[in-house]
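In each ligand, atom 1 is the first atom listed, and ligand 1 is the first ligand listed.
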Amino acid sequence: MGRIYRVGYAGALNGSLKLQGAKNSVLKLMAATVLAEGTHRIGNVPLISDVDVMREILHAIGAESSWTGPHELEITVPSADRLSPYPPVELVGRIRASIVLAGPLLAVTGRARLAAPGGDDFGTRPIDIHEDALQRLGASFEYLDDYLEVKAPRLEGAGLVFEFPSHTATDNAIMAAVLARGTTVIENAAREPEVVDLAAALASMGARIEGAGTSRIVIEGVDRLSPMDHDVVGDRVVAATYLTALGMAGGRLALEGIDTSIMEILIRKLGACGVSVKPVAGGLVAEAGPRPRAADIQTLPYPGVATDYKPMLVAMLSRAEGVSVVSENLFSGRFRYLDELRRLGADLISEGHHVVVRGVPRLVGGRVQAYDIRAGAALVVGALGAENETVITGVEHIERGYDGLVENLAALGADISVEEE
Ligand code: UD1
């Protein structure tokens, strides 16, 4: 028993959509509310299950939240002495992004207890960069059975040099540093647009941060912050999902709520694949012919092609004219969805961190399983180019990150529905 998606072969997609806010920003913004007592407003919040889990975590530590509009969340945070630094480990284990509670909880309560990070099926996801950063800011780490306890009676600004520009470690270090005594400098910081969004929200709270969006971020600690009033940046990974769906099926799509400057290299790559994307005020318009073209793509930290785009790109390229090589440079285990795409007739050979994709004219429907958010989205993209019906199980993974994917694709003319099985 569970929810499934049924997807039929799609003719050209046509229409316009309003893009949801970014999962990888909103979860950090929600964590950041802990930094200031009072009532915060966050707009453009996507209705996704990871947001529901983050709300439960916030409630468990003493905050309250309610929907004040279709995509608007109000979060009321009590004074630090009434906040619990110990969210239930079971809840925290359900979202990888919960590690970003470490920074803000340390900053206001001096301690945090977190589950060993959960999340997607990517292979090992170490947290040594988080650990090193928070330790340099004055925290101690203790690994207990199924959780980790972090303590810091007082955080002090420090010079941090990241071994790798980790996205969530950058978020965590920024949130720990905004209330620390003195100056923190993060070298080799992640440059992702969602880091910029977090820094903008924190600046609206009174934080002093310079350089977000570059690899050197400087944070001047302040004594107190006030609540945020902030709208979440558009979700570029969801935008990429609709663009690859368009590449798969052909057609024309107008997408509102995305600044194309945050996905330039992807847009260039999509252009090489025959999906033309043009910026317009407040969004983009895209067009694609009936069959994509092959291209070689490698994932890199921002501004490179994001690893989160990759499963959908591989799905699209699986029916491209020609042979593509797609290389993964961030995660060791992000390949399990390949077997599921193969079930749909994709011709994929994986070798180390490369996948050779020999495009076939059409995929073939089948029964496939989503193992994580983007792997699931890739199966939806694959199914749009598959003859006969595809049934996708494990869709609760997809719904951790996608707000109305089925409804939106159906509105564009795709043959897709959701049902209980
Ligand atoms: C974030 C995104 C995720 C995206 C990823 C890369 C969120 C909630 N998630 O994940 O969707 O796929 O960025 O763009 O924002 N690493 C270490 N030690 C650490 C941390 C990371 O070795 O302490 C390594 C990882 O194993 C990986 C690489 O650094 O190889 C990138 O990871 P990172 O940027 O940290 O990804 P996340 O922030 O976890």
Side-chain angles (χ1 to χ4, degrees), residues 21-32 46 48-51 53-54 57 92 94-103 114 116-136 139 141 143 148 150 160-176 186 188-199 215 232-233 235-238 240-241 262-263 265-266 298-313 327-335 337 353 372-378 397-398 400-402:
K23 170 183 87 73
N24 284 350
S25 180
V26 70
L27 299 174
K28 290 58 168 307
L29 297 173
M30 292 173 80
I48 55 177
S49 61
D50 270 13
V51 163
V53 178
M54 193 55 125
I57 293 173
V92 174
R94 277 162 57 188
I95 41 175
R96 160 86 189 172
S98 58
I99 186 75
V100 296
L101 281 161
L114 297 167
D120 300 314
D121 177 35
F122 287 1
T124 48
R125 293 186 78 169
I127 56 161
D128 55 304
I129 302 173
H130 298 254
E131 189 171 340
D132 184 60
L134 296 176
Q135 275 172 348
R136 281 175 199 275
F141 274 65
Y143 286 89
L148 122 92
V150 197
L160 312 176
V161 182
F162 283 1
E163 204 176 306
F164 184 91
S166 160
H167 184 165
T168 45
T170 303
D171 296 327
N172 232 342
I174 293 174
M175 288 192 277
I186 311 174
N188 201 19
R191 299 166 57 187
E192 269 74 1
E194 298 77 23
V195 173
V196 177
D197 202 38
L198 172 65
S215 47
V232 182
V233 69
D235 196 317
R236 62 199 164 102
V237 187
V238 175
T241 305
I262 67 174
M263 43 199 308
I265 297 181
L266 176 75
Q298 60 170 319
T299 65
L300 284 170
Y302 189 83
V305 172
T307 177
D308 285 354
Y309 302 149
K310 194 194 60 179
M312 293 82 84
L313 286 167
S327 308
E328 169 65 50
N329 292 312
L330 275 89
F331 292 108
S332 56
R334 202 162 202 178
F335 287 108
Y337 68 97
H353 52 111
D372 74 52
I373 307 178
R374 308 308 166 191
H397 287 291
I398 301 176
R400 285 184 46 210
Y402 286 86

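- Looking only at side-chain heavy atoms (C-beta outward), Met175 and Leu198 come within less than 4.5 Å of each other.
- Here the CD1 atom belonging to Ile373 is positioned 5.5 Å from the CG atom belonging to Asp50, to the nearest 0.5 angstrom.
- In this structure the side chain of Val100 never reaches within 4.5 angstrom of the side chain of Leu27, judged on heavy atoms.
- For a threshold of 3.5 Å applied to N or O pairs, the pair formed by Asn24 and ligand 1 contains at least one separation below that value.
- If you number the atoms of ligand 1 from 1 as listed, the ones under 4.0 Å from a heavy atom of Thr168 come out as 7 (C), 8 (C), 15 (O), 35 (O), 37 (P), 38 (O), 39 (O).
- Close contacts of ligand 1 with Ala97, meaning ligand atoms under 4.0 Å from a residue heavy atom, involve 8 (C).
- With hydrogens and angles ignored, the 3.5 Å screen pairs no side-chain donor or acceptor of Asn188 with any backbone N or O of Val161.
- The shortest N or O to N or O distance between Ile129 and ligand 1 is below 3.5 Å.
- Checked against a 3.5 angstrom limit, the closest N/O atoms of Thr307 and ligand 1 fall outside it.
- A heavy-atom distance below 4.5 Å is not found between the side chains of Arg374 and Lys310.
- Note: an N/O pair closer than 3.5 Å links Asp308 and ligand 1 by distance alone.
- Every residue meeting the side chain to side chain contact (heavy atoms under 4.5 Å, CB included) condition with Ala189, not counting sequence neighbours, appears here in chain and number order: Thr170, Ile186, Ile217.
- Between Pro165 and Arg191, the closest side-chain pair of non-hydrogen atoms is not below 4.5 Å.
- Every atom of ligand 1 with a heavy atom of His130 under 4.0 Å away is listed here by number and element: 23 (O).
- When the heavy atoms of Arg374, Glu192, Lys28, Glu194 are ranked by distance to atom 15 (O) of ligand 1, first place goes to Lys28.
- Remark: distances from the non-hydrogen atoms of Pro126 to ligand 1 include one below 4.0 Å.
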